[in-house]
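Following: one structure in structure tokens, then a few remarks.
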Amino acid sequence: DFDNRLQHEGVTCAACHYRDGKIVGVLGNTRAPHEVQKLKDPNQVCVRCHVVEGERWDTFFRFPPCGTVAEIRSSEKDHSAVSDNTAGLSSEGRGNSGEVSAHELSSLGCVQCHMPLLERPLVAGGEVHETRQHLWRGGHDPEMVKKALSINFNEHRITGGKAAIGKRMFSLMITNTGAAHYVPTGTPDRHLTVRFRLIDAQGKVLEEQTHTIRRTVMWRPFIVDLRDTRLQRWIPRYYAFEIEANSRAVKVEALVKYHLLDEARRKRIGYENKTPVSYEVFRKQVSLLLK
């Protein structure tokens with residue numbers, strides 16, 4: 001029943017609220033002039049697209065790029081196996097968006113996070129109900145992303161060894177404390193960058209170091225996860241930056257940015273965006289003149 005006129009409409013009301021000839025929703029109001037099916041859990045509409053099915057051998061021909069439910073389950077498993085004292089020892093991402101089944105939907109928390117609760121009439125002059133805002137806050141909402149991340153940038157004392165003499169060490173710790181799934185999630189184009197800069201008295205950048213947090217996927221001839229360094233929940237990630245004590249720099253800067261689209265891909269597809277495809281989620285400068 002493909003209709004090419006609908007191809008560019010994206011995710012509309014019907015994508016979530018129409019199924020098997022019935023309108024589905026959390027109220028189940030039978031006074032409507034059409035059949036209505038009440039959802040047992042509102043997260044049912046989320047897993048319809050955001051779960052990775054693994055019932056057949058050709059899963060990796062078919063899996064969606066956003067296997068969010070698998071990420072939630074993976075984060076739960078990793079956190080249960082790691083104590084609070086040792087969780088921060090991870091330096092690289094673990095796991096991938098593999099096969100998973102969606103059970104106990106209420107524990108996923110999809111609508112609770114991405115659709116804020118409020119009371120309002122569904123139509124003008126109608127009965128007031130407890131319902132949810134259809135905002136689907138996520139990667140396009142900078143404040144939402146900032147709330148998901150806890151970031152600290154500080155100097156650390158270097159002890160022992162000749163190699164440490166005459167050097168200063170700064171480290172950035174970034175932790176996904178607010179999202180049950182990986183950060184970033186969604187299309188693999190989305191990624192985070194962690195950038196360190198050494199800046200002199202004139203504001204010139206003397207040295208720069210960049211780290212990328214992303215999921216790398218091979219799309220042809222098979223769809224396969226090659227590498228995944230995204231942030232799982234509760235597992236801190238550390239990045240270090242060494243500075244020579246005799247450097248001409250007067251300050252060091254740490255900058256974390258969220259990218260909705262890779263700049264190289266944006267140019268390749270000729271996308272003329274009207275809004276930025278990246279934004280800052282953290283920036284801090286530390287003076288090197290004060291020890």
Side-chain angles (χ1 to χ4, degrees), residues 46-47 49-52 54 59-60 63-82 87-100 102 108-110 113-114 136-153 171-196 209-219 223-240 254-265 277-282:
C46 305
V47 300
C49 295
H50 292 274
V51 68
V52 179
T59 293
F60 290 101
F63 84 101
C66 182
T68 315
V69 176
E71 297 171 9
I72 294 173
R73 295 303 188 219
S74 177
S75 290
E76 289 175 346
K77 180 180 179 181
D78 282 341
H79 185 239
S80 65
V82 182
L89 298 180
S90 170
S91 61
E92 291 292 341
R94 301 200 303 271
N96 55 54
S97 300
E99 303 170 11
V100 72
L108 296 176
C110 308
C113 188
H114 294 278
W136 303 292
R137 305 174 303 175
H140 289 271
D141 186 335
E143 293 306 313
M144 185 76 168
V145 173
K146 290 177 183 178
K147 289 179 181 178
L149 301 175
S150 296
I151 306 174
N152 293 293
F153 178 57
S171 71
L172 181 139
M173 181 183 77
I174 180 170
T175 312
N176 169 12
T177 55
H181 50 70
Y182 294 6
V183 175
T185 191
T187 168
D189 273 339
R190 296 185 180 184
H191 62 282
L192 289 161
T193 53
V194 176
R195 181 171 297 168
F196 298 109
Q209 178 180 302
T210 302
H211 304 271
T212 304
I213 301 172
R214 73 182 312 157
R215 177 184 178 194
T216 303
V217 176
M218 181 179 73
W219 295 101
I223 303 176
V224 179
D225 270 337
L226 297 178
R227 181 175 172 80
D228 195 346
T229 62
R230 293 175 298 160
L231 302 172
Q232 293 175 262
R233 195 176 194 185
W234 306 123
I235 302 178
R237 185 80 53 77
Y238 294 90
Y239 295 96
L255 172 65
V256 180
K257 295 186 72 174
Y258 187 98
H259 304 259
L260 292 161
L261 182 65
D262 189 285
E263 182 63 18
R265 186 184 298 277
V277 294
S278 65
Y279 52 82
E280 292 182 13
V281 295
F282 177 87

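Since the model is a prediction, treat every value here as computed from it, not as a measurement.
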Any sub-3.5 Å donor-acceptor pair from [X]'s side-chain atoms to [Y]'s backbone N or O?
| X | Y | answer |
| --- | --- | --- |
| Arg230 | His191 | no |
| Gln232 | His181 | no |
| Arg137 | Cys113 | yes |

Kindly indicate whether the side chain of [X], heavy atoms from C-beta on, has any atom under 4.5 Å from the side chain of [Y].
| X | Y | answer |
| --- | --- | --- |
| Val281 | Lys257 | no |
| Ser150 | Ile174 | no |
| His211 | Phe196 | yes |
| Arg190 | Thr185 | no |
| Val277 | His259 | no |

d(Ile213 CD1, Asp228 CG) to nearest 0.5 Å is 11.0 Å
Thr175, Thr177, Val183 screened by side chain to side chain contact (heavy atoms under 4.5 Å, CB included) with Leu149, the one that passes: Val183
Please name the residue in the list Asp262, Thr193, Asp189 that meets the side chain to side chain donor-acceptor pair (under 3.5 Å) test with Arg214. Asp262
Considering residues, nucleotides and ligands other than Lys147, do more than 12 of their heavy atoms fall under 6.0 Å from its NZ? no
Run Thr210 and Val194 through side chain to side chain contact (heavy atoms under 4.5 Å, CB included) and show every step you take. CA-CA 6 Å; Thr210 302; Val194 176; over 6 Å; no
Restricting to non-hydrogen atoms, name the atom on Glu280 and the atom on Lys146 that form the minimum distance, rounded to 0.1 Å. O-CE, 3.5 Å
Could you check whether the rings of Tyr279 and Tyr258 sit parallel, tilted or perpendicular, using 30° and 60° as the cut-offs? parallel
